[in-house]
Structures are given as structure tokens and as C-alpha cells.
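Here is how names work: the chains are called A, B, and so on, in the same order as the sequence lines, proteins then strands, and each is numbered from 1. The model shown is predicted, which means the values in this text are computed figures rather than measured ones. Scope of the values below: all heavy atoms of this structure, side chains included, with no hydrogens, waters or symmetry mates.
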Amino acid sequence: MEPKRYLITAALPYANGPVHIGHLAGVYVPADIYVRYLRMRGRDVKFICGSDEHGVPITIKARNEGLTPQQVVDKYHSIIKDAFQRFGISFDIYSRTSNKTHHETASQFFRKLDDEGKFVEQTTEQYFDPEAKQFLADRYITGTCPKCGNESAYGDQCEKCGSTLNATDLINPKSTISGAKPELKETSHWYLPLDQYEPWLRQWILEEHKEWKSNVYGQCKSWIDGGLQPRAVSRDLDWGVPVPVDGATGKVLYVWFDAPIGYISATKELTPDWEKYWKDKETKLVHFIGKDNIVFHCIIFPAMLKAEGSFILPENVPANEFLNLEGDKISTSRNWAVWLHEYLDTFKGQEDVLRYVLTANAPETKDNDFTWADFQARNNNELLAVFGNFVNRALVLTHKYFEGVVPPVLALSDYDKEVMQEMSEVREKVEKPIESYRFREALQEAMNLARLGNKYLAETEPWKLWKTEPDRVATILNLSLQITAGLTIVMEPFLPFSVVKLRDMLNIKALDWTLIGQADILAVGHKINQPELLFVKIEDSVVETQLERLKNIKNENLIKNATVAEQLPNISYDDFTKMDIRVGKILQAEKVAKTKKLMKLLIDTGVDQRTVVSGIAEYFEPADIIGKQVSMLINLEPREIKGIMSQGMILMAENADGSLTFVSPQAEVKSGSVIK
RNA sequence: GGCGAGGUAGCUCAGCUGGUCAGAGCGCGUGAUUCAUAAUCACGAGGUCGGCGGUUCAAGCCCGCCUCUCGCUACCA
């Protein structure tokens with residue numbers, strides 16, 4: 001049951017930064033392998049991608065750099081697009097969501113759902129900037145983090161302590177646009193009632209797609225079982241696709257709603273036949289994504305498509321896990337990454353080395369680590385030693401003995417036949433894993449064809465036979481060249497650049513996939529060209545340079561982290577005296593059930609004994625702190641945490657790594673002593 | 001804390017519905033070899049399959065508890 005055509009999408013890169021090896025290993029390299037394979041099989045396939053250019057982070061970036069959002073996305077769109085192209089990611093189209101077709105497509109999509117009553121409208125309170133006269137996205141609000149005191153925390157997250165926040169949690173919220181103090185104001189938005197799609201999703205994914213990768217299936221199950229909530233599809237923002245409804249000025253489609261529609265608009269842009277790819281049940285739709293995108297591609301976007309009604313749904317969503325770099329998480333903001341455009345500049349002509357390493361070490365089932373030592377080893381010990389070396393041997397020998405002409409097969413030994421049998425099995429061994437998105441395994445099998453070649457030469461030793469049995473040498477080299485020709489086919493999805501070089505050496509054109517492993521690809525008498533090296537050795541110094549670079553980045557980050565928080569604005573003495581800070585003694589301590597960080601403490605404040613809940617459980621054991629004297633703010637408004645009324649706040653000093661230390665008197669002091 | 005995914009030879013990973021499942025590549029050791037970018041080929045070294053219980057005639061593969069890593073989520077006055 002061969003699908004009539006394929007529509008393959010790769011996650012839209014967010015245009016606020018360049019693409020790095022994590023993106024490549026997770027999404028683009030596997031997608032490209034799959035697509036190149038399908039094309040070689042002669043399938044009708046469209047490979048779709050583009051930049052995701054809307055959303056708040058881009059507007060922030062623009063503001064910070066003194067640019068317009070359009071300028072920001074123009075910049076990164078071209079860097080990304082160019083890098084992909086140079087790296088041989090063979091999109092049929094690399095579009096962008098800020099263009100006209102996309103705006104029209106997304107608007108139409110929204111309008112159809114709205115007209116058919118598929119949305120729910122709801123009014124909520126959000127922060128509004130009275131000076132700029134606009135609603136503020138969480139990212140546009142800064143204030144003091146209620147958890148760590150960092151005064152430049154964002155409304156959705158404090159980057160210092162890493163905690164996620166609500167804008168309304170911030171102390172002294174401030175608009176980053178005007179600096180004004182924001183006020184809460186009512187605003188209404190459209191919601192996609194995902195809860196209504198729950199039974200359908202349950203059936204569609206949990207029953208009908210049990211074959212999805214376990215990480216994908218598990219995540220979906222977790223979301224569905226957890227109960228789906230209506231999700232806002234619009235935001236108060238001036239950057240994005242305007243909500244196509246009268247009176248909705250100042251509102252745009254929420255980026256998660258507009259971005260996946262980008263796949264559709266890009267297809268539209270690519271071909272007038274786009275509906276065949278999106279609406280015909282005989283099309284197989286596959287989304288390649290990273291694990292961070294599972295919920296959008298498996299739950300939300302399908303629900304959107306289902307709501308719209310005329311679109312097909314993805315048949316599979318092969319999401320990869322994450323790639324680490326030298327043991328640490330890749331991070332754009334910390335510059336902890338190998339950037340594709342930089343790699344391409346530094347490692348000219350070595351595109352395939354990175355493609356190979358990222359495939360061989362792809363995070364298909366769990367997070368993996370990219371190290372430069374591994375990069376070097378895979379190049380030198382595998383690509384070069386196994387593949388490059390075999391090809392070189394076969395060609396050099398042919399030139400040495402037969403002036404570069406494919407010699408005839410004169411008689412086949414039993415061993416020759418054995419080898420031919422093995423050759424013929426390679427195709428299926430590569431095909432199967434590719435069709436099930438196991439590219440690491442497929443590459444391994446493809447490499448085995450080169451291994452077979454090396455073994456064949458070692459076993460037959462033609463260089464020893466030339467003087468005595470030239471006919472035998474002819475046969476051996478013929479077969480070796482046939483293996484080499486097979487390699488130009490089977491390696492093409494993985495190593496497209498090297499394959500072009502190899503074909504030139506063999507003086508042949510691109511060959512049909514089904515010829516892999518055949519022993520009569522090259523005609524006897526065919527003249528081949530002089531061999532060149534397919535891969536160059538990567539020296540230790542290259543690795544050291546890269547490691548040095550990373551080390552420097554680490555140092556820079558350390559320095560950044562070591563910066564001491566700036567002094568807060570002056571306050572009056574009166575302000576200070578409002579705080580009643582005392583020495584207290586911990587009488588009892590126990591961890592709060594079902595939390596990681598919370599400890600419930602009973603404190604003797606001198607004034608009374610009271611309960612305080614404090615986020616210190618990660619660093620202290622209850623038994624170790626009982627009897628300890630601590631500093632405590634006792635006149636802080638009580639607040640309920642996890643059902644416990646917390647009456648005060650223990651003062652803690654925080655180290656750069658986030659660990660905590662009590663601020664205790666040097667010597668035992670009477671509980672209730674005033675600290676001032 | 002909840003949920004999800006992982007914890008298999010030095011490294012990176014395969015092991016489908018339980019019974020040749022204890023494997024591959026790289027690294028390492030020994031030997032062979034010289035056509036080849038000191039590349040190749042053969043052989044080997046053995047990891048109590050995270051830990052403890054349990055089910056079974058039989059368990060990396062099933063169940064329970066524990067532990068570590070990653071992700072999502074809750075919590076941090």
C-alpha cells in the first residue's frame with residue numbers, strides 16, 4: 001500500500017537566532033535523509049520548511065537591538081536559509097511566515113474556524129501599558145523576581161533562578177516598552193477548545209498510532225490523560241498575523257497557531273497543486289520535529305486540522321530527543337552550540353562529515369552527546385578509514401593494473417559469489433530502517449557495504465596475484481568497482497556531497513536506487529577518472545581549537561554569572577524600619593509532601609511560635625537544621641503555600657550555583673532579638 | 001511531588017510480542033598484511049544487562065519497590 005505522494009515537513013526554525021547542530025541532528029538531517037531516499041525511489045514528495053518569524057521573543061530581540069521585528073527576521077531568515085542550502089538540506093521550499101501567502105492562508109484558516117463556531121471567546125485580565133496604550137505580553141514585563149530577588153525577571157520567567165512565573169507574580173512590574181507601571185485590564189481572546197477534541201485524539205493517537213516512537217506516544221498519552229484545556233489562539237501584540245475579525249485591532253494570531261499553518265502556506269507557494277498534498281487521503285504526511293514540539297504537532301495542530309475539516313492528518317511524527325554539546329545542554333543564549341553557518345565556514349568541503357556524525361550519533365531514542373573527539377574519531381576511523389579508504393583502494397588498483405578501465409569478469413570463485421550475495425542484501429538492510437525512521441541503523445548498514453569491500457580486498461589480495469593470475473585480478477577489481485558504484489547510490493541520502501565527488505571519479509551519473517548491490521552496474525570497458533581523496537584526516541589541532549573555543553565561552557559565561565546583582569534604588573530609613581527582622585530558632589522541620597523544594601518549619605520567633613514554609617528542601621535535611629538560629633522577616637503578610645499558611649520568611653544567602661546558606665548569628669542569641 | 005523517556009561491554013548504541021539476547025561500531029590487546037589517507041583484515045579481551053524483591057519451567061525483556069539522568073509540570077514569601 002504505497003502512498004501516492006508524500007508531504008514531509010521539518011520543524012520551522014524560529015528566526016531569532018542561527019541554526020545549530022542540535023537542530024540539525026534532531027530534525028533537518030534525518031528529514032533530509034528520508035526525503036532524499038524517497039526521491040531516489042521515484043516517489044512524489046514535497047519537502048517543506050521555512051522560518052517561524054512571529055511571536056514575542058522576536059519583538060523583544062528587535063527592541064534590544066534597536067531594529068524592527070521585520071529586520072530581525074530578515075537577518076536570521078537569510079542566515080538560516082543560506083546555511084541550510086550550503087549544508088545540502090534539500091527543501092523543495094524554504095519559506096517564511098512573515099510573507100503574504102502565509103498571512104492570507106493563516107487568516108483564512110482562522111476565519112473558517114471562527115465562522116463555523118469552532119472557537120470560544122473569553123475575557124481575561126492582562127497587564128496593559130497605559131502610556132504605550134497596549135497590552136503587554138509576559139515577556140514585555142519586567143520586575144523583581146519574587147523568588148530570588150533578581151530585579152530584571154521577565155513576566156514569564158526569571159532567567160537568573162530559572163523559575164517560571166506569572167506576570168502578576170512580579171514585584172514592582174514595569175513595562176519594558178514605556179517603563180510605565182502596567183495595570184490590569186480586561187481583554188478578550190479566541191480559544192481553541194482542545195478539551196472537546198480529547199476523545200477523538202485519544203482514539204486517533206492512542207488507538208490508531210501505537211506505532212509512533214515511544215517518546216512521542218508517551219508524551220501524547222501524558223497530555224491526553226492529563227486533561228486538555230482550551231488554548232488561546234490570539235494575543236494582544238502588533239507583530240504577527242492580525243486576527244481577521246472586525247474590531248480585533250491590536251490582536252494577532254498566537255504564534256503556535258500561525259506557525260504550523262506555515263507548512264500549508266509554504267506548500268501553496270510551492271505548487272498550485274498544494275491541495276493534493278494536504279487534502280488527498282492518499283498523501284502521507286510526516287512531520288520531523290524535536291521533542292520540544294511534540295505537543296504542538298501531535299495534539300494541537302492535528303486538532304486545528306480536524307476542526308477545519310478538509311485536511312489530512314500526519315501519519316507519523318518522528319521526534320528526536322536532544323543533542324548535548326561536550327556534556328552540557330546546547331543553549332543559544334549561552335552561546336553553547338556549534339552553529340551551522342560557522343561550521344560551514346570553518347570546515348569547508350566537510351559538510352558530509354557533520355552529516356555523518358550527526359546521523360551516526362543521532363539522539364533517536366535518548367539525549368546524546370556531541371563531542372569534538374567523537375567527531376574526529378568518526379571522521380578518521382570510520383568515514384575515512386572505511387569508506388574513503390576502500391574507494392581509494394579500488395580506484396587506485398584499477399588505475400595501476402588496468403589504466404582506469406573497468407576490467408571484465410572472467411570467472412567467479414565461490415568467495416566472489418558469497419560477496420555478491422552479501423552485496424545484494426544491502427539494499428533491503430538500508431531501506432527497512434529508513435522507512436521506519438531509524439537512520440542511525442540505516443547508515444551503519446550502508447557503511448557495511450564499504451566494510452564488505454575492504455574485507456573482499458583483504459581476502460583476495462589482488463596485488464599479490466597480478467603477476468601470476470591477471471585474470472583473477474580483473475574479476476576482483478570489477479567486483480570492487482561494482483561495490484564502489486553501489487556506494488554512490490546507498491550513500492546518497494546520507495552523504496550527498498561525497499557521492500557527487502565519487503560519481504565524478506567513477507565517471508558515472510546518478511543511478512537508480514534499486515541498483516544497490518548489483519554486480520553489473522559498471523560496464524566492462526568503462527573508463528573511470530583519477531581518484532581523489534573523499535575525506536581528509538582531522539588532526540588533533542583542529543579538535544583542540546574547537547575545544548579551546550568552547551572553553552572560552554564557558555569562561556565568559558562564568559564571568560557573566562559571577563556578576564553581582566546591581567544595587568537597588570535607595571530607600572528611606574522609614575522603609576527599612578518597616579521590616580521586622582528577628583533571630584528565630586528552628587524547632588521543627590519537615591519536608592512538604594509532593595513538593596521538591598518546600599520545607600515546613602516551626603520557628604520560635606521570641607514573639608511566638610509560628611509556621612513558615614520555605615523553599616530550602618533541596619539543600620537541607622530536616623534533622624540537620626532543627627535547633628538552628630536563623631534570620632527571619634516576621635511581619636511579612638502571611639501567605640498560603642500548598643495549603644499551609646506561611647507566616648514569615650527565612651532569610652537565605654544564595655550562591656552563584658543556586659545553593660543556599662542560612663544567615664545566622666555568629667553566636668547564640670536570644671530568640672526574638674531584633675536585627676537592624 | 002506528578003507524568004513521560006532513559007539507565008545494556010571504556011565510549012556511542014542494537015536487542016521486536018519473555019526461552020542461541022548477552023550483541024554491533026569505535027577504542028583497547030595480539031597476530032596478519034602493504035593495493036590504500038600508518039588506512040585494512042583476523043582473532044581476543046568478557047558487561048552479575050542501574051539496585052532489591054517477585055511472577056514463570058524460563059526475564060535486559062513481565063510486576064512491585066528503590067536509585068540516577070533528561071524532558072514536561074507543580075512548588076520556592
Atom CD1 of A:Ile644 and atom P of B:rG1 are separated, to the nearest Å, by 15 Å
Which residues in residues 576-584 of chain A have at least one heavy atom lying under 4.0 Å from any atom of RNA chain B? none
In terms of side-chain heavy atoms, does A:Asn448 have a donor or acceptor partner in A:Arg451 at a distance below 3.5 Å? yes
Just label B:rG60 as syn or anti from its O4'-C1'-N9-C4 or O4'-C1'-N1-C2 angle, using within 90° of 0 for syn. syn
Mark yes or no for whether A:Asn379, through its side chain, and A:Val353, through its backbone, hold a donor-acceptor pair below 3.5 Å. no
For residues 292-299 of chain A, run the donor-acceptor check on the side chains, cut-off 3.5 Å, and write out each pair with its distance to 0.1 Å, sequence neighbours left out.
{"unit_1": "A:His297", "atom_1": "ND1", "unit_2": "A:Asn293", "atom_2": "O", "d": "3.2"}
{"unit_1": "A:His297", "atom_1": "NE2", "unit_2": "A:Tyr263", "atom_2": "OH", "d": "2.7"}

Please state how far atom CD in A:Glu321 lies from atom C1' in B:rU12, giving the value in whole angstrom units. 16 Å
By the 4.0 Å heavy-atom rule, please label A:Val391 as base, sugar-phosphate, or nothing. nothing
Using the P atom in both, what is the distance from B:rU17 to B:rG6, to the nearest Å? 12 Å
Per atom distances to the A:Lys464 side chain, the nearest of B:rC70, B:rU33, B:rC3 is B:rU33
Is any NZ, NE, NH1 or NH2 atom of the basic residue among A:Glu351 and A:Arg355 found under 4.0 Å from an Asp or Glu carboxylate oxygen of the other? no
Sugar-phosphate, base or nothing in reach of A:Glu382, heavy atoms under 4.0 Å: sugar-phosphate
As a test of your reading of the structure, name each stem of RNA chain B as range with range, where a stem is three or more consecutive Watson-Crick or G-U pairs at under 3.5 Å. B:1-7 with B:67-73, B:10-13 with B:23-26, B:28-32 with B:40-44, B:50-54 with B:62-66
Mark yes or no for whether A:Asn392, through its side chain, and A:Asn389, through its backbone, hold a donor-acceptor pair below 3.5 Å. no
Output a table of nitrogen or oxygen pairs between the protein and nucleotides 62-69 of chain B separated by less than 3.5 Å.
none

Taking C-beta and beyond as the side chain, do A:Thr332 and A:His20 meet within less than 4.5 Å on heavy atoms? yes
C1' spacing across the pair B:rA45 / B:rA36, given as an integer number of angstrom: 29 Å
Does the pair A:Lys366/A:Glu321 count as a salt bridge with the N-to-O cut at 4.0 Å? no
Measure from NZ on A:Lys432 to P on B:rC16 and round the result to the nearest Å. 15 Å
Pick the C1' atom in B:rG54 and in B:rC11, then give their distance to the nearest Å. 34 Å
Does A:Thr460 have any side-chain hydrogen bond (donor to acceptor under 3.5 Å, both in side chains) partners at least two apart in sequence or in another chain, and if so, which? none
Run the salt-bridge test on A:Lys291 and A:Asp367 with the 4.0 Å N-O cut-off and return the result as yes or no. yes
Parallel, tilted or perpendicular, as decided by the 30° and 60° cut-offs, for the rings of A:His209 and A:Trp204: perpendicular
Rounded to the nearest angstrom, tell me the gap between atom CH2 in A:Trp212 and atom P in B:rC16. 23 Å
With a non-hydrogen cut-off below 4.0 angstrom, is A:Arg440 in contact with a base, only sugar-phosphate, or nothing? sugar-phosphate
Does A:Ser413 use its side chain to pair, donor to acceptor, with the backbone of A:Tyr415 at less than 3.5 Å? yes
Taking B:rG47 as the reference, what is the distance to B:rA22 when you measure between their C1' atoms (whole Å, please)? 9 Å
Can you find a side-chain donor-acceptor pair between A:Asn478 and A:Gln482 that sits under 3.5 Å? yes
Comparing A:Arg378 and A:Asn215 on RNA chain B - which has the more 5′ nearest nucleotide: A:Asn215
Rounded to the nearest Å, what distance is computed from the CZ atom of residue A:Phe375 to the C1' atom of nucleotide B:rC26? 16 Å
Starting at atom CG of A:Leu323, determine the distance to atom P of B:rU12, rounded to an integer number of angstrom. 12 Å
Listed pairs, N/O of protein and of nucleotides 36-45 of chain B, under 3.5 Å:
{"unit_1": "B:rA36", "atom_1": "O3'", "unit_2": "A:Asn392", "atom_2": "OD1", "d": "3.1"}
{"unit_1": "B:rA36", "atom_1": "O2'", "unit_2": "A:Asn389", "atom_2": "OD1", "d": "2.9"}
{"unit_1": "B:rA36", "atom_1": "O2'", "unit_2": "A:Asn392", "atom_2": "OD1", "d": "3.1"}
{"unit_1": "B:rA36", "atom_1": "N3", "unit_2": "A:Asn389", "atom_2": "OD1", "d": "3.4"}
{"unit_1": "B:rA36", "atom_1": "N3", "unit_2": "A:Asn389", "atom_2": "ND2", "d": "3.3"}
{"unit_1": "B:rA36", "atom_1": "N3", "unit_2": "A:Arg393", "atom_2": "NE", "d": "3.0"}
{"unit_1": "B:rU37", "atom_1": "N3", "unit_2": "A:Phe535", "atom_2": "O", "d": "2.6"}
{"unit_1": "B:rU37", "atom_1": "O4", "unit_2": "A:Leu534", "atom_2": "N", "d": "3.3"}
{"unit_1": "B:rU37", "atom_1": "O4", "unit_2": "A:Phe535", "atom_2": "N", "d": "3.2"}
{"unit_1": "B:rU37", "atom_1": "O4", "unit_2": "A:Phe535", "atom_2": "O", "d": "3.0"}
{"unit_1": "B:rA39", "atom_1": "OP1", "unit_2": "A:Lys537", "atom_2": "NZ", "d": "2.5"}
{"unit_1": "B:rA39", "atom_1": "O2'", "unit_2": "A:Ala385", "atom_2": "O", "d": "3.1"}
{"unit_1": "B:rA39", "atom_1": "O2'", "unit_2": "A:Asn389", "atom_2": "ND2", "d": "2.8"}
{"unit_1": "B:rU40", "atom_1": "O2'", "unit_2": "A:Arg393", "atom_2": "NH1", "d": "3.0"}

Measuring only the C1' atom in each nucleotide, how far is B:rA14 from B:rU8? A whole number of Å is fine. 10 Å
Atom NZ of A:Lys366 and atom C1' of B:rG7: how far apart are they, to the nearest Å? 7 Å
Take the angle between the ring planes of A:Phe288 and A:Phe439 and call it parallel below 30°, perpendicular above 60°, tilted in between. tilted
Using the P atom as the reference point in each nucleotide, state the distance between B:rA32 and B:rU37 in Å, no decimals. 23 Å
Nearest heavy-atom contact between A:Thr359 and A:Val29 is OG1-CG1, 3.3 Å
Side chain of A:Asp604, backbone of A:Gly584: donor and acceptor closer than 3.5 Å? no
If you compare all heavy atoms of A:Trp212 against all heavy atoms of A:Tyr217, which two are closest, and at what distance to 0.1 Å? O-CB, 4.2 Å
Report the distance from atom CG of A:Leu465 to atom P of B:rU34, rounded to the nearest whole Å. 12 Å
Assign each of A:Arg438 and A:Ser614 the nucleotide of RNA chain B bearing its closest heavy atom; nearer the 5' end lies the nucleotide of A:Arg438
Base, sugar-phosphate, or nothing for A:Thr365, non-hydrogen atoms under 4.0 angstrom? sugar-phosphate
Whole-Å C1' distance, B:rU40 and B:rG4: 45 Å
What integer number of Å spans the C1' atoms of B:rC70 and B:rC63? 25 Å
